[in-house]
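See structure below.
The structure displayed is predicted, hence computed values, not measured ones. A, B, ... follow the sequence lines: proteins, then strands. Residue 1 opens every chain.
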There are 2 protein chains.
Amino acid sequence: MPRGGKRAGAGRPKGTGKYAEPTKAIRVPVSMVDKILEYAHSGGFQLPLYGGKVAAGCPAPTDDYIEGMMDLSEHLIHDPATTFFVRVTGYSMINAGIHPDDILVVDRSLEARHGKIVIAAVDGELTVKRLYKKDNRVRLLPENDEFDPIDIAPEETLHIWGVVTNVIHAL
Amino acid sequence: MPRGGKRAGAGRPKGTGKYAEPTKAIRVPVSMVDKILEYAHSGGFQLPLYGGKVAAGCPAPTDDYIEGMMDLSEHLIHDPATTFFVRVTGYSMINAGIHPDDILVVDRSLEARHGKIVIAAVDGELTVKRLYKKDNRVRLLPENDEFDPIDIAPEETLHIWGVVTNVIHAL
DNA sequence: TAAATAGAATAATGTACTTTTATCAATATG
DNA sequence: CATATTGATAAAAGTACATTATTCTATTTA
């Protein structure tokens with residue numbers, strides 16, 4: 001038997017889907033479908049960032065004290081086209097907090113100014129050093145007394161790959 | 001006039017699309033469409049990682065010397081559900097290479113063992129310290145001589161939010 | 001009158017289909 | 001014969017549609 005007629009307010013409510021908001025169909029490469037669905041589902045790798053203050057005795061991370069949400073890649077990489085990573089070898093920059101096996105975030109679109117920490121190709125090796133560029137002298141300075149500065153003669157060309165923006169150190 | 005009947009080999013060739021591979025339509029939240037398209041287009045924030053060796057005099061990053069491709073988020077975040085970030089305040093862990101305004105990657109699914117660097121909530125503040133947990137004593141040890149260790153009395157409960165896995169330091 | 005239930009309403013989802021884009025080959029043209 | 005033109009072909013991209021899922025309400029039943 002019919003139970004019906006018109007009725008206002010019926011129907012599936014908005015925001016009851018997986019994402020609690022309207023969706024759109026877009027096309028992505030087959031090989032990335034899984035990764036992208038995971039990316040979408042986890043909200044774009046946005047994770048909570050906490051600052052200093054919390055309630056006394058607060059036992060675990062809560063939304064209440066979140067300073068904001070942050071996506072690491074977004075935060076560290078301004079232009080994917082000009083950014084790359086370098087794995088550190090050696091101790092020559094230890095006093096700048098750069099340890100072996102650290103990962104450096106490098107941007108080659110930044111100007112290599114005096115005082116910046118840069119990645120340079122010297123003698124077939126990639127090296128991290130602080131750039132000295134003053135009084136018509138160019139030098140690569142280690143931050144470790146046991147290493148010697150590298151002088152770049154005026155006729156030599158120094159191949160600087162980019163400027164280091166961040167150091168990622170695993171504990 | 002007609003210019004021809006059947007002909008083999010005609011048609012748009014495979015791999016001439018934006019992604020040079022077949023695509024699939026998937027549904028994603030409207031608010032993330034732009035981000036996801038950028039993500040898909042840049043290959044999932046996979047950027048080159050370089051190791052130590054390059055050809056002498058190599059002027060710029062080239063594919064030839066790539067150690068591999070790396071996605072920062074993927075590399076640093078094993079489980080988005082249990083990972084969060086903390087912004088560092090203060091100098092108490094300076095000797096562990098943890099500076100003010102550094103960002104810590106913290107995983108709360110890891111066991112807080114003796115010797116690990118942890119995030120704890122003490123007196124309404126989030127604090128980073130090395131965990132001492134031996135001989136029935138629990139202490140939070142700074143790595144800076146100007147700071148004092150924090151003793152946790154047996155009857156107190158120490159609220160550990162998670163174990164620090166990585167330090168991100170801007171230069 | 002309270003609980004159960006069938007059906008209506010509508011959002012969410014996935015996919016089939018249409019439209020667009022790109023390339024090739026057959027023919028025409030100079 | 002070299003070059004330009006046009007239609008055939010097929011991949012790629014975007015979108016509309018059919019399907020599925022969910023919730024609400026009017027009616028029935030106890």
* Heavy atom of residues 34-43 of chain A under 4.0 Å from DNA chain D: which residues? -> none
* Does Val88(B) have any side chain to side chain contact (heavy atoms under 4.5 Å, CB included) partners at least two apart in sequence or in another chain, and if so, which? -> Ile98(B), Asp102(B), Leu104(B)
* Structure fact -> Those residues at least two apart in sequence (or on a different chain) that pass side chain to side chain contact (heavy atoms under 4.5 Å, CB included) with Leu110(B) are Asp107(B), Val163(B), Thr165(B)
What residues form a side-chain hydrogen bond (donor to acceptor under 3.5 Å, both in side chains) with [X], not counting sequence neighbours?
{"X": "Lys35(B)", "value": "Glu74(A)"}
{"X": "Ser31(B)", "value": "Glu21(A)"}
{"X": "Glu111(B)", "value": "Arg113(B)"}

* Report the hydrophobic cluster partners of Tyr132(B), with the cluster defined as I, L, V, M, F, W, Y residues connected by side-chain heavy atoms closer than 4.5 angstrom, directly or transitively. => Leu141(B)
* To do: Tell me who clusters with Val105(B), hydrophobic residues only, linked when side chains sit under 4.5 Å apart either directly or through other members.
  => Leu47(A), Leu49(A), Met70(A), Leu72(A), Leu76(A), Ile77(A), Phe85(A), Ile103(A), Val105(A), Ile168(A), Leu47(B), Leu49(B), Met70(B), Leu72(B), Leu76(B), Ile77(B), Phe85(B), Ile103(B), Ile168(B)
Is there any protein nitrogen or oxygen under 3.5 Å from a nitrogen or oxygen in nucleotides 13-15 of chain D, and what are the pairs?
from	atom 1	to	atom 2	distance (Å)
dA13(D)	OP1	Lys18(B)	N	2.9
dA13(D)	N7	Arg27(A)	NE	3.3
dG14(D)	N7	Arg27(A)	NE	2.7
dG14(D)	O6	Arg27(A)	NH2	2.5

